[in-house]
Structures are given as C-alpha cells and as structure tokens.
A.B. asks: 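First the structure, then my questions, so here it is.
Here the structure is a predicted model, which is why all the values come from computation and not from measurement.
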Amino acid sequence: MASNNSLQHFSFLVNDARYDVLAPPLMSLGEVLREKCGLRGLKHGCQQGGCGACSVQVDGKLVLACLMPVAHVDDKSIETIEGLAQSDQLHPIQEAFVESYATQCGFCTAGMIMAAKALLEENPSPTREEVLVALSGNICRCTGYQFIVDAVLSAATKARSTKQAVMNNRLDKLLPVQDLRFNGDVDHRNLKEIGTSTPRRDAISHVTGRTVYFEDNSFPGMLHLKMVRSTHHHARIGRIDFSEAEKIPGFVRAVTHRDVPNNYYTILRLIGVEPNDEPVLADDRVVYWGEPIAAILAESPQAAAAAAKRVKVDYEPLAAVFDVEEALKPGAPVVTRQGFNYFRYEGHHCRRVRFGDVAQGFANADLIIERRWDTSPIEHAPLETTGCIAKPDGDGRFTVYTNTQALYFSLDNTALILGIPASRLHFVGGTVGGGFGGKVDVMVEPIATLAAMLTNRPVKFAYTREEEMRISSTRAAERFYIKDGVMLDGRIIARQITLYVDSGAYSRHSPYGTTKAAAHMPGPYTIPNVWVDAHCVYTNRQPSSAMRGFGVTLGDFAIESQMDVVAHELGVDPLRLRLINAYRDGEMKAHRKRVEGAALVEVIQKAAELAGQKLDPDLMAMNSAAR
Amino acid sequence: MSFPRLLTPETVDQAIELLQVPGRKALIFGGGTLVQPFITLGVDHHDVVIDLEQLGLNQIVLENDQITCGSMVRLAQLAEALPREYIQTAVASIGGPAVRNLATVGGNIFAKPPYGDLATLLLALDAELEFAEGEGLRWLSLTDFYRRRDHDSRASDNTILVTRLRFRADGRRDIVFRKLARKNLNSASVVTVAISLQFDRRIVQEARIALGGIHQHPIRALEAERVLIGSTLSAPVVESAAQAALQGCDPQSDAYASAWYRQRMIPVQVRRALNSLTTERIAPATD
C-alpha cells in the first residue's frame, strides 16, 4: 500500500509502444514523458494546468500531463503528439494545421492538436462554437486563434474524406511528412511568390512536435537553478543564511554576488549606453520585489525550489517609490546608485525636442486643449517561459542553449560579466516559444553559465510561470501630458508634451525606448511649434524593457486619443482634423528629419472608403506629395 | 529528489488511519488539479501525500430524487451523468475539457477564490457532505461545514477527507447558475451566483442564494434570501434582494477583478439571475 519515496517502477503504453520507467510516483506525467521517455513534443508553459501545452490523452481522455502523477498512469495507454504521424504521413489534423497557417511559435501547437484530436474522436463534425469550447483550455499567445479554429474545422472535413481515402486504399492523398520541409535548393529565380501561398518552413516541425526548444535539451548530471528573490520593494540586505537550505537532499551549492566576476552590467552597454546599473545578483540592497539575491543549485527542480525557500535573508526595509512624478520630487527615495531617479541623456535630465516656439504658438492659438494620458505595464506572457541551459564542453568552452531573442547581446554580455573571451561561449538559439520583446534582457544566461563554470556541470535555469508574469520585464508604464494650441479651422499650431517612462528599478531597454518616444512626438503631423521633455524615470517597480514597438505604441495611444479630444472640442470630424495636420513629403519633423515617402493622407482616404465613411471633396483632393 | 511519499490506501478506514499518524505533514491528493502543481513546483513541503484514487469514491447514485456523489467523481463525469442545465452550466464554466476530466467534485469544495464555482452551486442546492471526523464519518450541510472551517483554523484543508456529497434533485425547485468572468470560456470567477428557489404558486417558500469568487469559500447571501421568502418576484423585491446580497460581502482583489468591481457586480448578477427565473414565473423581466 505505501510506496516509498525512492524510484518506483511504472509500465505504460505510449503511442502503442511499451515504456518501463523508474520514477518517483509523484513526478508529473509531463516530466516523466519528457525527461524519462524522451518524448518532448508536449511542452510545459506553466506546470499548473493553465496553458494546455502539455495536453495528452490517457486511455482516450484528454488530460494535462502536468496535473497527473505518473502513479496514475501505470498500465494505461497514453497518446502524445509523437504518435500522430503514421509512417511519415501527417495526421489530417497536422496537415490542416500546416495548410491553415495555424502555427506560429509552435509552443502551443502539440497541445492544440491533441485537444483537437480528442474533440474529433468524440464529435467528428463539430461546429465552430464546439471547437472553441474544446480548445478553451489551450492558450496561444501568437495567432489570435482564428487560424487554429479554421484548421480544426478543415481537419474534420479532411478526416471524413480520409476515411473514404483509407477505404479506397488511397492513403497517398495525405501529405507526406517530408514534402513541405524547407528546401534551400529550390530554384527561386522566377521569384513568383506574391499571390501564392508558401508553407511556413517550420510548420511540419511544429505540428509533429519535432521542433527543439532550449528546454528539449537534457544532459546527464544537469543541475537546476532556483533564484532566491527579494520579498521587499526596497531594502538593505544583511546576512544571508543558507544553513537550512543546505540540509535539503539534493542541494549542491549557492551562488552570491561574491561569485560573479563583474557583477554590474547594463544590456545596452554594447552600444555605448551607460552606466552599468544592474547587478546580476544583489549585493548590499534590493530595489524591486523579486530582484535576484542568490542562486541555488540542486539536483532536481523540486530540491532547488525547496532549498531556495529555506534561505533566510535579513532585510532592513527602506521607503519605496512607485510613481514616476513622485520619484522625481526632492526627498524621494533614491532608487539608483547614481543618487538621482532619472536616466541622464548627454548631461540632460531628459530627452528633449525643441522645434519652433511653443510659447508663441500658444499665444497665437484660438484654443488651448490639455489632457493627461496614462498606461499600465503589460506583460508579454510568452507561452514558453524565459530560460536556458548552460553546459561545460570538454575543451573549456560552454555551450548555452537559450530562448533569447537577442543571441549576441546575450553572448557578449555573458562574456563581459564572466570576464572571459567571447570565444569560450557557444550560444545556440533562434527557436523561441513566443518573445514579443520579452526575451531580450540577458537575465538567465550569465548566471547559468557562471553556475556551470563553478560546478563543472550543465545547469538549467528556467523561469516558472509566476516568475515570467511577476518578475520578468514588462512594457513600461507611461504618462503623457499633452498641451495643444489649436485654431478653429483645425490646424494644430503648437504641441507641448511632457512624458514619463517608468523604467522600473533598472535601465534595461527603457532609456532607448524613451528616446524613441521623444523622436516619435508629436505624431505623424506637421506642427510648427513643438516642445518635448521625455523622462526615463527609475522607481521601485519591476524593470520595464522592450516590447513590440516600445516607445511608439503608447505614444500613439496618447496622441491619437488627444486628437479625438481636439476634434470633439472643435466640433471637427476626427478624420478631417488628421488630414489637415497630416505631414506631407518634404516637410520638417520636430526632430529635424525631413518627411519622405509619406502616405498618411492616402491611408486615411482608403480607410474611410473601406469603412463607408464619406469624406468631403476637399479632403479627397488632398495628397501626401504637397500641402 | 524532494518528492513526498505517496500513500495509496484502498479503504476509507485505511485513509483515516493514515491521516491520523502524528508528526508528519500530510496532503490529500484528489484529482490533482490543485495539488500536483504544489508538488511539481516544490511550493510547500509535505512528508506524505495520501491518494484517494483507490477508495472507490467515483460513484454517482440517484435514489428517491437524491443524488449521492463520491468526492472523487470528475467534473466531466458529473456533467455526463446529470443532464440538468444548472449542472451543465456550472461544470462548463470551470477550466477547459482536460481540467474537467481531472478535477473532482470533492476538490472543488476546497478550491480557493476565484475558483470553486461548482461548490457555489452545491451550496445553493443545500448539499451535504460526508467527511472523516475522529475515527468515523459524519454528514454535515455544506453551509455548516464552511462555518466550522471559518471558526477552526487548526484543521488544514489539506487533511480533511471528504468522501461523499448529496443533494436533492427533485425538480420542485427553480435553480439558476450564473458566472461572470473576463472571457466566455475557461476563466476564473469575477462573481458567481447560484440560486435555488421553491415556490408555492408565485410565493417564494424557500430560497438559497450562494455567491462565489467573493470570500475564502462560497457564501450564502442570507439577507437576500430573507427578502425573497414570502414574496413574489416582483421587480422591487428582486431589486431589494439584489442590494441585500451585498450585506456581509467583503470581496477580494486579484488578477481577474478588483474588489471595487466585484462589489458592483454582486447586485447586478443577483438581479440578472433572479430575473432569469421571473421570466418563467412572472414576466416581463426588466434588465
């Protein structure tokens, strides 16, 4: 009745093949299939039943492999993505996913296909609504789902005709697995691609679960790294006590800032940004909740987590600041080591744009319209969490398998932090389970590589879902004050913008994002008098960084919202307001770049037409070539 | 490895015995949807895990209008066995298909907000549950079970062995389940409302209103129930019951909704739930 904590024997079928494994009975089925059986087509996006990427079937029933202990599948029959393609013929669902462009990063694909398979086995002719219900436990961050639902509906049709095909002994109608693979030798001289559908070159690999993400590598003797993180927003660190952690079976060692050769860095130092403001591991203080303090290395993820929880850190809490404007006031808690809470741009307290004379513009205006706009931080939420595996090679070099979006930034920063020549590092990447700008921050590679150096063993450091959501960088929160001087006919003659970018506790990519934001003002409009102060501000919030169009997207939100307010206040049609002010070729932008290749007027005209919005003849007569 | 020991009792008596062994931290394993992540992620240390899989608690028995359901019955199994609309709606509102194939009826009693939607329905159905106490088993209404837990912080949820649940399903009551969530499918509760009313002609004789997603466990809106009893579901009565539902509610903020928003949604959802019953009883609904 009682089973012992040590390894136990389990026997089950996976895709009709018998597997005999030795595993702790409470190890999850997902971990057993991936690590013990080598079937890594299923993915772990959360390990808590939230994402669906580990969907498999057990005795025909759809389950999440992360929620079942291996003890519950003894003697059972399991189906995984690896079993779908038969003798090099894609399963109709896989084929439909390829043909419908239903894959993007591929991390959710195996789970989606297994959920679709379970649906079609029960209900061969589902409605669109039934497909939505069946896939509701599976999250996709890339596609927006429509192509996936299309694929399942098309697979249903395909499966019916395939049944017919099987009966007619015409299996060849199915797509061979190899046929759609990327072929670099194809003769592209005719270059007739526009208007034709070209399969994604990674689609077959995604639908068969063969794509290798960093976590699909596993090495003998691999250690697991778990970070001890700050439980305060701002505090001085006293003693760190590892004695209880050391008692956990499987604990190997702890790493602190003393072990890091060059502890301070900033990602963009590679392009001349300074200062190096962020420690790899905190030394005397922490400035945001979740900041890494010490790395625990252990034989299993569970042992690493258990040991990390037992590390005692003495904190002396300090006052924290969470608002950009509060952070700039005299007497505010100081976040940075420089002693002031803003990034200094060539000696200036903010990034500035000066064009014309706004004071004169406001004096000449018929009306002044002022508004404040705020945005919140946004998490990228990739389905695959940030992580890497660093492995010592036999020749003194280290191979690092990573899901970074910035391979060479990561490699070069790792070399600088470790004080070793870049030639000792071999980074393998390019396959990313969703990034959206959230994987450019060089967070895991330096410490994992250091840990591999210190232990001479492979080290894996992967964020949990909670770390990904609560600790990894976000899109910056931004605040805009926009003051417009406008004429009653709709011309905007002066625009003054003060914007604050919340960089959080460290720089990462936000000083660069702030520069982009400043250059993007005052939007795609020709305004003769412009004044911009763009502040990159440090607060005790989690650091912000890159995310799709950062510095630009939020500025557009603020500017276009402001444009709607101006239109409303003037009683002018919002499209007329934009067409009157839209920049034309040859005009000078506020940051002194002449407009070339403008098309805003034409785009608005076309959009109005598509939306069934009639524009007055004077607006239809406008064009971007001349005012 | 830091996995706890797995113990798999084969009878309820064995399970009770294992839970009573002193000096070790135990964790009950039902469907795994709440517990397995704790083990995998090493969130908390436990010495032993007691698995209910082999106890035969997966039966649903329908007898004299009473449904008795083993605590290990999976949500999908419950929905398949009981084609009543309120059961279907409640189960369909929880997780995705794979989670419903694993999650158990008993486990839902312990799901923390914003989860626990089936428990909210069970509370409105006046369900009773059988659980281990001392060396034996006893039945208690879910209302009293939750009340006791509020007052007895010694008993950890992790070691309460629930074996069966039972509730009436006689068709004499009008039952409605409504869940407000951020999206249509697979989303945790902002506010969940389950209402069961028994009428004599048009007069409410008996009322149960349960709210989920608000408190540490589903709660009864007792004031709102009092407003309804002895009245018809006229628009003013519905409105005052909706407002009365706020009494004693102290909603929490989480990633799904702020306390502020939940507070405002409670009367709205109670009113809509009641109106969905009045359309059959009275008409016309005003919403």
A.B. asks: Please report the shortest heavy-atom distance between Phe29(B) and His72(A), naming the atom on each side.
C.D. replies: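 Answer, listing the atom of Phe29(B) first, then His72(A): CE2-CE1, 3.8 Å.
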
A.B. asks: Just wondering, do Leu6(B) and Pro69(A) contact through their side chains at under 4.5 Å, heavy atoms?
C.D. replies: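 Of all side-chain heavy-atom pairs linking Leu6(B) with Pro69(A), none is under 4.5 Å.
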
A.B. asks: Take Arg310(A) and His45(B) through the side chain to side chain contact (heavy atoms under 4.5 Å, CB included) test and state the conclusion after the steps.
C.D. replies: CA-CA 11 Å; Arg310(A) 278 162 184 72; His45(B) 170 78; 3.3 Å; yes

A.B. asks: Over all heavy atoms of both residues, which pair between Leu64(A) and Leu102(B) is shortest? Give the atoms and the distance, please.
C.D. replies: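 Heavy atoms only, the tightest pair is N-CD1, 3.8 Å.
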
A.B. asks: Given that the side chain runs from C-beta out, which part of Glu466(A) has a heavy atom under 4.5 Å from chain B: side chain, backbone, both or neither?
C.D. replies: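 Interface part for Glu466(A): neither.
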
A.B. asks: Name the region of Phe38(B), side chain, backbone, both or neither, that has any atom closer than 4.5 Å to a heavy atom of chain A.
C.D. replies: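 Neither; nothing under 4.5 Å.
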
A.B. asks: Which answer fits Leu135(A), side chain, backbone, both or neither, if we ask what part of it has an atom under 4.5 Å from a heavy atom of chain B?
C.D. replies: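 When you check distances to chain B, no heavy atom of Leu135(A) falls under 4.5 Å.
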
A.B. asks: Just wondering, are more than 12 heavy atoms of other shown residues or ligands nearer than 6.0 Å to CD in Glu133(B)?
C.D. replies: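 For Glu133(B), atom CD is crowded (more than 12 foreign heavy atoms under 6.0 Å).
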
A.B. asks: So, for Cys66(A) and Thr40(B), which heavy atoms are closest and what is the spacing to 0.1 Å?
C.D. replies: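 The answer is O-OG1, 4.3 Å.
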
A.B. asks: Please look at Leu41(B) and chain A and tell me whether the side chain, the backbone, both or neither of the residue comes under 4.5 angstrom of a heavy atom of that chain.
C.D. replies: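 Both parts, backbone and side chain.
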
A.B. asks: In terms of heavy-atom contacts, does CD of Glu80(B) have more than 12 from other residues, nucleotides or ligands at under 6.0 Å?
C.D. replies: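 At most 12 heavy atoms, drawn from other residues, nucleotides or ligands, come within 6.0 Å of this atom.
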
A.B. asks: Val133(A) versus chain B, heavy atoms under 4.5 Å apart: side chain, backbone, both or neither?
C.D. replies: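 Both backbone and side chain of Val133(A) come within 4.5 Å of chain B.
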
A.B. asks: What pair of heavy atoms forms the shortest contact from Pro97(B) to Gly137(A), and how long is it?
C.D. replies: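 Taking every non-hydrogen atom into account, CD-N, 4.2 Å.
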
A.B. asks: Tell me, for Asp51(B) versus chain A, whether the close heavy atoms (under 4.5 Å) come from the side chain, the backbone, both or neither.
C.D. replies: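 Only the side chain of Asp51(B) comes within 4.5 Å of chain A.
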
A.B. asks: For Asn184(B), I'd like to know if atom CG has over 12 heavy atoms of other residues, nucleotides or ligands within 6.0 Å.
C.D. replies: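 Counting other residues, nucleotides and ligands, CG of Asn184(B) stays at 12 neighbours or fewer.
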
A.B. asks: In Å and rounded to the nearest 0.5 Å, what is the OG to CZ distance from Ser6(A) to Phe3(B)?
C.D. replies: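 Nearest 0.5 Å value for the OG-CZ distance: 13.0 Å.
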
A.B. asks: Please say whether more than 12 non-hydrogen atoms of neighbouring residues, nucleotides or ligands are located less than 6.0 Å from CZ in Arg182(B).
C.D. replies: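 Count not over threshold, so no.
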
A.B. asks: Just verifying a value: how many Å separate Gln36(B) CD and Leu26(A) CG, rounded to the nearest 0.5 Å?
C.D. replies: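 Reported value, rounded in 0.5 Å steps: 6.5 Å.
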
A.B. asks: Would you check if the side chain of Gln48(A) reaches a backbone N or O of Pro37(B) as a donor-acceptor pair within less than 3.5 Å?
C.D. replies: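 No, Gln48(A) side chain to Pro37(B) backbone: no donor-acceptor pair under 3.5 Å.
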
A.B. asks: Has the side chain of Asn101(B) got a donor or acceptor atom that lies under 3.5 Å from a matching backbone atom of Val63(A)?
C.D. replies: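 Here the side-chain-to-backbone pair does not exist.
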
A.B. asks: Any chance CD of Gln20(B) has more than 12 other-residue heavy atoms, nucleotides or ligands included, within less than 6.0 Å?
C.D. replies: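 Buried by this count: over 12 neighbours within 6.0 Å.
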
A.B. asks: Please name the pair of heavy atoms, one in Ser136(A) and one in Asn186(B), separated by the smallest distance, quoted to 0.1 Å.
C.D. replies: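 Minimum heavy-atom contact is O-ND2, 2.8 Å.
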
